[in-house]
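For reference, the structure discussed in these notes is given below.
Chain letters run A, B, ... following the sequence lines, proteins first, then strands; residues in each count from 1. Worth saying up front: this structure is predicted, and the values here are computed from it rather than measured.
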Amino acid sequence: MRCRDVWELESAYMDGELDEDRASAFRGHLRVCEVCRERVDRLAVLVETAARLEPVEPPPSLWSAIERGLAQAEIADAQRSWLWLRWQAIRPRLLPAAVACAAASVLVLWVVRRGQEPGPARADGPAPVQAGAQAATMPEGEAATMVPDVVETFEDARGRELAQAEQRYRATIDELRRMVEAELSEWPDELRAAYEARLGEFDMAAERHRQALAASQAVDLRGRDALHAVYRAQIAFLQRAAIDGPMLAQLDARGRGDVLPGGSSGGFQ
Amino acid sequence: MTKKPVNAAITSKEGVLRPKSRQAGSYEGDTELIEACRRGEERAMEALYHQYKRRVFGLVTRIVGSSDAEEVAQEVFVRIFRGLRKFRGDSALGTWIYRLAVNASLTYVTKRSRQQTMNDEALAQVPAPVRAASDPRLAQKLEQALAQLPAGYRAILVLHDIEGLSHEECAEIIGCRVGTSKSQLHKARARMRELLGPDLARERRN
């Protein structure tokens, strides 16, 4: 070991991070090199002295200062709108729902893409179609023989994910609606009517998708995705209504709103 | 601390009402303490303050200097109490508090240096003023030399060598890799050794 190696390793040696072989070589070098020994000794004195430094006692006035700081912050909170505070309270609960929805969306996308890939050719069957849809339209016994076990398990998981996503989307929408409706009486009549009309459009769009899904014989993943897109747009609209309140109309007038699906302007007019 | 009425739903201090403590004894573990602080219980907030005041104040003093330490420590504790509601427990409470203290201190030093365009000479005056020539104690010299380090070096040296944290904890607090923490400490110690050269040699001989 050379002096330069000792200079590089001295800090790690002090912290006991060198393995046994290197630590032994390190000590061996110190035994024969006065310069390095003195250098490392000074470092040891530094580290020991630092470790023995007395704790710094805060002044007694610090707690009072903290209470004053908290009081000022609470006064600032009191000047915030009720909706902002409510939004802060429910925001943490929205995160798990958003994660579940994102997971469900990825799952749906993966399934759709997987369905578009050419499957194994059947000797007597038609061209390959989406596995899930095919299995659903075939007699039970045939579907069971065609779809491997692993796919069935996966589809069970997909069903659960989709059901959870549906439930969480609707819970989020209900929560946001309650928030907005608590303040709705203070809105101008015209704006309130416009809000309710737009919300009605969302409800109708979602209902149409739900009916189409219920009537569908096959597993309609694209239809499900479209329904979720309506939910997401509705959540975005309600979030803005909750936060901006009656200011929403002015914001839209400046072209900041685009919440309706299907190419609508999304303005809250 | 004033004794609270047992059956009161809320307690009053200086005209401000706070929720009464749900727990009679001491708090078992950080989870109970955090929950009580989130509810705004005064006793829990004071308990947390007393648990961490020396560590926070010591860290802040050594990074920003004694003249501004109280102001920064106040800000750190306000951030702690206000931020507890968002504390998810991804790291230990102590680590999280250290992180807030280091961030607030480094931010303060950066702002101050921008405002004052401090040079090295001015920076040396920031920490606890010690009369170097007339004070032979090595610990005081060390505090003084610490003030001459760049703020980043100061932070790692205080966390590791004074507060006794591991490199893993330092890295988590500062937000860097463990290797970076080690190399920064190595440089900080080397710089301190330069600054304290004769004093360390004298102590070694003694």
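Considering only heavy-atom pairs separated by less than 4.5 Å from chain B, the leading option among Ala12(A), Pro55(A), Ser61(A) is Ser61(A).
Between Phe77(B) and Pro58(A), every side-chain heavy-atom pair lies at or beyond the 4.5 Å cut-off.
Interatomic distance, CG of Asp161(B) versus CG of Leu46(A), reported as 6.5 Å (0.5 Å rounding). Here the CD atom belonging to Gln74(B) is positioned 10.0 Å from the OG atom belonging to Ser64(A), to the nearest 0.5 angstrom. Here the CD-CZ distance, from Glu10(A) to Arg189(B), works out to 9.0 Å after rounding to the nearest 0.5 Å. Taken to the nearest 0.5 Å, the CZ atom of Phe57(B) stands 6.5 Å off from the CG atom of Leu62(A). Distance CG/Leu142(B) to CZ/Arg52(A): 10.5 Å, rounded to 0.5 Å.
With a 4.5 angstrom heavy-atom cutoff, Gln72(A) does not touch chain B via any of its atoms. Heavy atoms closer than 4.5 Å to chain B are found nowhere in Glu48(A), neither backbone nor side chain. When heavy atoms are compared at a cutoff of 4.5 Å, Leu196(B) approaches chain A solely by way of its side chain, counted from C-beta outward. Proximity to chain A (any heavy atom under 4.5 Å) is shown, for His50(B), by neither the backbone nor the side chain.
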After noting the C-alpha distance and the side-chain angles of Val45(A) and Leu138(B), does the key distance pass the side-chain contact (heavy atoms from CB on, under 4.5 Å) rule?
CA-CA 10 Å; Val45(A) 171; Leu138(B) 182 61; 3.8 Å; yes
Met45(B) vs Glu67(A), test: side-chain contact (heavy atoms from CB on, under 4.5 Å). Steps then yes/no.
CA-CA 10 Å; Met45(B) 292 168 74; Glu67(A) 287 191 313; over 6 Å; no
Kindly determine whether Asp15(A) and Leu185(B) satisfy side-chain contact (heavy atoms from CB on, under 4.5 Å), including the steps that lead there.
CA-CA 11 Å; Asp15(A) 297 335; Leu185(B) 180 67; 3.8 Å; yes
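Around atom CZ of Arg177(B), no more than 12 heavy atoms belonging to other residues, nucleotides or ligands sit under 6.0 Å away. Residue Gln167(A) places its CD atom among 12 or fewer non-hydrogen atoms of other residues, nucleotides or ligands, all under 6.0 Å distant.
In plain terms, the two heavy atoms of Glu70(B) and Pro59(A) that are nearest each other are OE1-CG, 3.5 Å. Heavy atoms only, all atoms of each residue included: His186(B) and Glu8(A) are closest at CE1-O, 3.6 Å.
Proximity of a side-chain donor or acceptor of Arg82(B) to a complementary backbone N or O of Leu70(A) within less than 3.5 Å is not detected.
The aromatic rings of Trp63(A) and Phe81(B) lie perpendicular to each other, with more than 60° between the two planes, well past the 30° mark.
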